[in-house]
Amino acid sequence: MNNKRVSVFSEIEKSVCSVNQTSCSVLNFITAMSWDDYIDNLIAQSKDSSGHAHADKACIIGLDGGAKWNTDQHPCAFKLEPHEAAVIANCFKKKDFTRFMSCGICAESTTYTFLREFDGKTVYARKKNVDHSLFKQVKQQLL
């Protein structure tokens, strides 16, 4: 998916670069930009006063269709399959969490038990007494 995005921006870049050099620089920045650095920020923000991080993985997906904004190359990336991300995004977009309640939340080929939903933007889940997951909608993306 990222290759397609870069390819589209490359075609736009060729057109815009011939018209305006400033626009070309902006497009070069956009094609090189990644949300992977934001994963580090999310994990750092989860640390308590003793320095213990309460998050070890993160993923950023779009609310429309569940397209991933970060890459799977980041060591702390929560590696959702495209169909998993699409289901999660769809439930949040519709504010209908009945699928989570009845089937659980499938992420990284693991089913998490739905615990609760709060304010239509936050879902808590857990994996058999081991891991907990938090899915949070922020504007047009999910963390």
Side-chain angles (χ1 to χ4, degrees), residues 1-17 21-143:
M1 180 169 239
N2 287 339
N3 290 340
K4 290 180 185 176
R5 189 176 298 142
V6 170
S7 173
V8 169
F9 276 116
S10 295
E11 291 303 314
I12 295 170
E13 182 179 8
K14 288 176 192 172
S15 303
V16 173
C17 285
Q21 188 61 37
T22 303
S23 296
C24 182
S25 322
V26 171
L27 281 171
N28 280 329
F29 171 74
I30 289 171
T31 58
M33 187 180 103
S34 169
W35 286 91
D36 286 358
D37 292 336
Y38 195 65
I39 290 175
D40 295 325
N41 187 27
L42 285 170
I43 293 171
Q45 294 296 322
S46 77
K47 291 182 180 177
D48 59 23
S49 59
S50 68
H52 175 74
H54 293 277
D56 61 348
K57 290 183 176 184
C59 182
I60 306 161
I61 61 173
L63 189 59
D64 286 326
K68 287 174 36 171
W69 291 19
N70 60 286
T71 67
D72 285 343
Q73 283 71 40
H74 192 284
C76 298
F78 199 71
K79 297 169 179 68
L80 295 176
E81 294 295 325
H83 66 278
E84 295 171 337
V87 168
I88 293 168
N90 188 42
C91 288
F92 272 90
K93 186 172 183 174
K94 291 180 177 180
K95 306 280 187 242
D96 179 6
F97 304 104
T98 54
R99 180 171 179 158
F100 292 167
M101 292 175 206
S102 61
C103 302
I105 303 166
C106 195
E108 287 192 322
S109 302
T110 300
T111 300
Y112 288 78
T113 303
F114 174 85
L115 297 175
R116 69 181 172 274
E117 169 269 326
F118 178 73
D119 72 10
K121 294 185 176 187
T122 306
V123 169
Y124 297 92
R126 73 162 203 225
K127 180 177 82 175
K128 201 147 191 168
N129 299 325
V130 180
D131 296 331
H132 288 80
S133 289
L134 169 70
F135 299 89
K136 177 77 175 166
Q137 178 184 340
V138 183
K139 297 188 182 188
Q140 293 299 308
Q141 66 271 10
L142 295 164
L143 308 175

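Note that these values count all heavy atoms, side chains included, but never hydrogens, waters or copies made by symmetry.
For Phe92 and Phe97, the ring centers are positioned less than 6.0 Å apart.
Residues Gly62 and Ala89 share a closest heavy-atom pair of O-CB, 3.5 Å. In terms of heavy atoms, Cys76 sits closest to Asp56 at CB-O, 3.5 Å. Minimum heavy-atom separation, Ile43 to Ala55: CG2-O, 3.4 Å. Across all their heavy atoms, Ile39 and Ala58 have their closest contact at CD1-O, 3.6 Å. Looking at every heavy atom in both residues, Arg99 comes nearest to Cys91 through CB-SG, 4.1 Å.
Within the 3.5 Å criterion, the main-chain N or O of Lys79 finds a donor-acceptor partner in the side chain of Glu108. Judged by distance alone, the side chain of Asn70 and the main-chain N or O of Ile60 form a donor-acceptor pair under 3.5 Å. Without hydrogens or angle criteria, Glu84 side chain to Ser109 main chain gives a donor-acceptor distance under 3.5 Å. For the pair Lys68 (side chain) and Cys59 (backbone), a donor-acceptor distance under 3.5 Å is absent.
To the nearest 0.5 Å, atom NE2 of residue His83 and atom SG of residue Cys106 are 5.5 Å apart. Note that CD1 of Ile61 is 13.5 Å distant from CH2 of Trp35, once rounded to the nearest 0.5 Å. If you take CZ on Phe114 and CE on Met101, they are separated by 4.0 Å, rounding to the nearest 0.5 Å. Note that the CG atom of Asp72 and the CG atom of Asp36 stand 9.0 Å from one another [nearest 0.5 Å].
Here the side chains of Phe100 and Ile88 are in contact, with some heavy-atom distance below 4.5 Å.
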